[in-house]
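Values below: all heavy atoms of this structure, side chains included; hydrogens, waters and symmetry mates excluded. Numbers here are sequence positions counted from 1.
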Amino acid sequence: MSRPAVAEIKLDNIRANFQLAGSLAPNGKTIAVVKANAYGHGAAEVAEYLSGDVEVFAVACIEEALALRASGLRHPILLLEGFFEAAELDVISREGFWTAIHSQEQIDALARSSIPNPLPAWLKVDTGMHRLGFSPEQAAKAYGELSRMRQVKAVTVMTHLANADNCETQGVTVAHQVARLPSDLLKPEIELSLANSAGILAHKVARKHWQRPGIMLYGASPLARENQFSEALLPVMTLKSSVIATRWVAPGEGVGYGGRFVAERPTKVGTVAMGYADGYPRQAVEGTPILVNGKRTRLIGRVSMDMLTVDLTDIPEAGSGSGVELWGENLLANEVASHCDTIAYHLFTGVTQRVPRKYVG
Ligand SMILES: *Cc1c(COP(=O)(O)O)cnc(C)c1O
């Protein structure tokens with residue numbers, strides 16, 4: 001016997017979601033973003049599974065890229081945050097990594113380096129996210145410097161979208177961001193990469209030479225308002241566990257730390273082996289949906305480190321050993337996230353090492 005908490009990963013569904021991304025931008029190429037341990041799904045396993053479908057993978061940083069090399073992946077790997085110190089450049093060049101370039105310091109470091117092989121550089125332009133990248137005014141000069149450098153093989157222009165998930169935004173829209181790209185960089189021979197998952201799913205103008213889907217590969221939609229494409233995504237991770245104990249509590253009794261839940265009627269409480277140390281969010285409010293034996297019920301009481309409690313009063317057949325789905329195939333992570341003041345990205349990346357990943361497909 002072992003603790004029943006497990007994250008089941010349906011690899012077939014990742015492939016279907018990747019193919020959907022590709023089909024929405026058939027004239028471009030689709031990178032698979034596997035940063036943050038493939039959004040909690042296991043970067044080595046996901047990358048290996050997709051290795052025949054995907055030409056280029058993307059991660060945040062060199063440590064993540066080296067871990068993929070160590071797992072045997074030979075593909076080009078794009079570093080979305082670029083490099084943090086010049087000492088990384090030799091490794092980047094030797095390992096066939098591609099790097100984002102978002103600052104003049106990085107350009108200067110590259111120019112001073114004596115790397116063995118020229119590398120593809122992805123010039124990041126800040127068109128409104130205001131986090132990383134060259135301003136539209138500086139971008140053409142940076143492009144020129146990079147493209148003349150012997151250390152650089154090719155320059156792709158990339159920007160990141162701030163509001164592609166939300167069409168009713170008050171802030172900068174996708175159209176604004178596209179319009180801020182400097183015209184000098186909009187020549188047909190310059191390759192562009194604008195779209196994350198939300199851009200791919202909802203914004204035709206963002207689909208260019210290279211798409212960078214992350215969350216959609218894992219089957220969660222980033223869109224505030226779903227569309228026909230987001231509704232076609234297949235969930236990949238199902239976070240499961242079991243009921244390990246039950247008891248009846250009388251009206252007026254509290255359940256769990258602080259007694260946040262107080263029974264209003266005789267209540268059958270099920271205790272589930274799943275807690276915040278597994279990555280189930282402690283922010284989950286009373287009533288957060290949970291499936292037991294495939295039936296919808298609700299979280300009652302605070303989530304604790306190793307356990308949480310559910311209402312089994314109306315599921316009479318449920319008892320110790322009954323299967324529990326916290327999110328996944330039958331309960332979308334987005335719905336759970338909306339009860340936890342967060343997003344599916346956070347739920348997936350938050351699943352801790354204590355939870356074994358079980359791969360199917
Ligand atoms: C994480 C990331 C992506 C993927 O974003 P999703 O919303 O998960 O599709 C794309 N581009 C960059 C630069 C990123 O950092």
Side-chain angles (χ1 to χ4, degrees), residues 6-83 88 91-100 117-122 153-154 156 158 191 193 195-197 200-201 207-220 232-238 328 345 348-349 351 353 355-361:
V6 62
E8 198 174 278
I9 312 288
K10 273 221 166 120
L11 290 168
D12 293 348
N13 289 356
I14 299 191
R15 176 171 290 139
N17 296 331
F18 179 78
Q19 286 167 346
L20 174 66
S23 73
L24 289 172
N27 301 322
K29 291 187 178 184
T30 304
I31 291 178
V33 179
V34 294
K35 63 186 177 186
N37 198 26
Y39 293 49
H41 293 67
E45 290 83 357
V46 168
E48 189 198 340
Y49 182 78
L50 288 178
S51 60
D53 306 76
V54 171
E55 283 181 44
V56 182
F57 290 90
V59 295
C61 57
I62 196 168
E63 289 81 2
E64 292 182 336
L66 286 170
L68 286 174
R69 281 285 179 269
S71 78
L73 192 82
R74 303 314 316 162
H75 293 54
I77 304 173
L78 169 63
L79 311 180
L80 292 166
E81 270 182 9
F83 57 93
E88 294 169 47
V91 182
I92 289 173
S93 164
R94 186 161 16 92
E95 295 289 342
F97 298 156
W98 303 4
T99 183
N117 316 306
L119 47 82
W122 283 46
K153 184 151 70 185
T156 300
M158 100 159 130
E191 298 200 337
S193 177
N196 54 3
S197 297
I200 295 166
L201 290 165
R207 300 175 196 150
K208 301 291 185 188
H209 302 87
W210 294 94
Q211 331 315 320
R212 310 186 307 269
I215 193 73
M216 71 177 289
L217 303 180
Y218 310 101
L233 295 172
L234 302 174
V236 174
M237 176 194 292
T238 300
Y345 296 76
F348 294 157
T349 57
V351 175
Q353 284 307 320
V355 180
R357 272 63 168 174
K358 185 178 144 208
Y359 294 91
V360 293

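- Distance check, rounded to the nearest 0.5 Å: CD of Q19 to CD1 of I14 gives 12.0 Å.
- Shortest non-hydrogen contact noted between P356 and V6 is O-CG2, 3.3 Å.
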For residues 20-29, which side-chain donor-acceptor pairs fall under 3.5 Å, sequence neighbours excluded?
unit_1 : atom_1 : unit_2 : atom_2 : d
S23    : OG     : L20    : O      : 2.8
K29    : NZ     : E55    : OE1    : 3.4

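- Distance check, rounded to the nearest 0.5 Å: CG of L217 to CZ of R15 gives 12.5 Å.
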Side chain to side chain contact (heavy atoms under 4.5 Å, CB included) evaluation trace for F97 with E88: CA-CA 11 Å; F97 298 156; E88 294 169 47; over 6 Å; no

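- With S193 as reference, R212 is the one residue of H209, R212, K208 to meet the side chain to side chain donor-acceptor pair (under 3.5 Å) rule.
- We find the CG-SG distance between L66 and C61 to be 9.0 Å, quoted to the nearest 0.5 Å.
- The two atoms that bring L234 and A16 nearest to each other are CD1-CB, 3.8 Å, heavy atoms only.
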Candidate pair Y39 and F348, rule ring pair (Phe, Tyr, Trp, His ring centres under 6.0 Å), full reasoning: CA-CA 6 Å; Y39 293 49; F348 294 157; 7.9 Å; no

Verdict with reasoning, L119 to T99, per side chain to side chain contact (heavy atoms under 4.5 Å, CB included): CA-CA 8 Å; L119 47 82; T99 183; 3.7 Å; yes

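- Among pairs with a residue in residues 46-71, those fulfilling ring-ring contact (aromatic ring centres under 6.0 Å, His included) read F57-H75, at least two apart in sequence or across chains.
- Counting all heavy atoms, side chain and backbone alike, P213 lies closest to I31 at CD-O, 2.9 Å.
- The structure places CZ of R207 at 8.0 Å from CG of L201, a figure rounded to the nearest 0.5 Å.
- In this structure, W98 and W122 have tilted ring planes: the angle between them lies in the 30° to 60° band.
- Contact record, S71 with A44: CB-CB, 3.7 Å, taken as the closest heavy-atom pair.
- Put simply, the side chain of E64 gets close to the backbone of A60: a donor and an acceptor are under 3.5 Å apart.
- Taking NZ from K35 and CG from L78, the interatomic distance works out to 10.5 Å, rounded to the nearest 0.5 Å.
- Side chain of N17 to backbone of L233: no donor-acceptor contact under 3.5 angstrom is found.
- Under a 4.0 Å N-O distance rule, the pair E8/K358 qualifies as a salt bridge.
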Criterion side chain to side chain contact (heavy atoms under 4.5 Å, CB included) on L80 and V33, from CA distance to verdict: CA-CA 9 Å; L80 292 166; V33 179; 4.1 Å; yes

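- Without hydrogens or angle criteria, R357 side chain to V355 main chain gives a donor-acceptor distance under 3.5 Å.
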Intermediate values then yes/no, side chain to side chain contact (heavy atoms under 4.5 Å, CB included), V351 and M237: CA-CA 10 Å; V351 175; M237 176 194 292; 4.0 Å; yes

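- Judged purely by atom type and a 3.5 angstrom limit, S197 uses its side chain to pair as donor or acceptor with the backbone of G214.
- Side chain of D12 to backbone of G361: no donor-acceptor contact under 3.5 angstrom is found.
- Here the side chains of I9 and V360 are not in contact, with every heavy-atom distance at 4.5 Å or above.
- Going from atom CG of N37 over to atom CD of E45 covers 7.5 Å, rounded to the nearest 0.5 Å.
- Remark: side-chain polar atoms of T349 are not paired, donor with acceptor, to backbone N or O of G40 under 3.5 angstrom.
- Looking only at distances, a side-chain donor or acceptor of R69 sits under 3.5 Å from a matching main-chain atom of L73.
- Residues W210 and V56 have side chains in contact (heavy-atom distance under 4.5 Å, counting atoms from C-beta outward).
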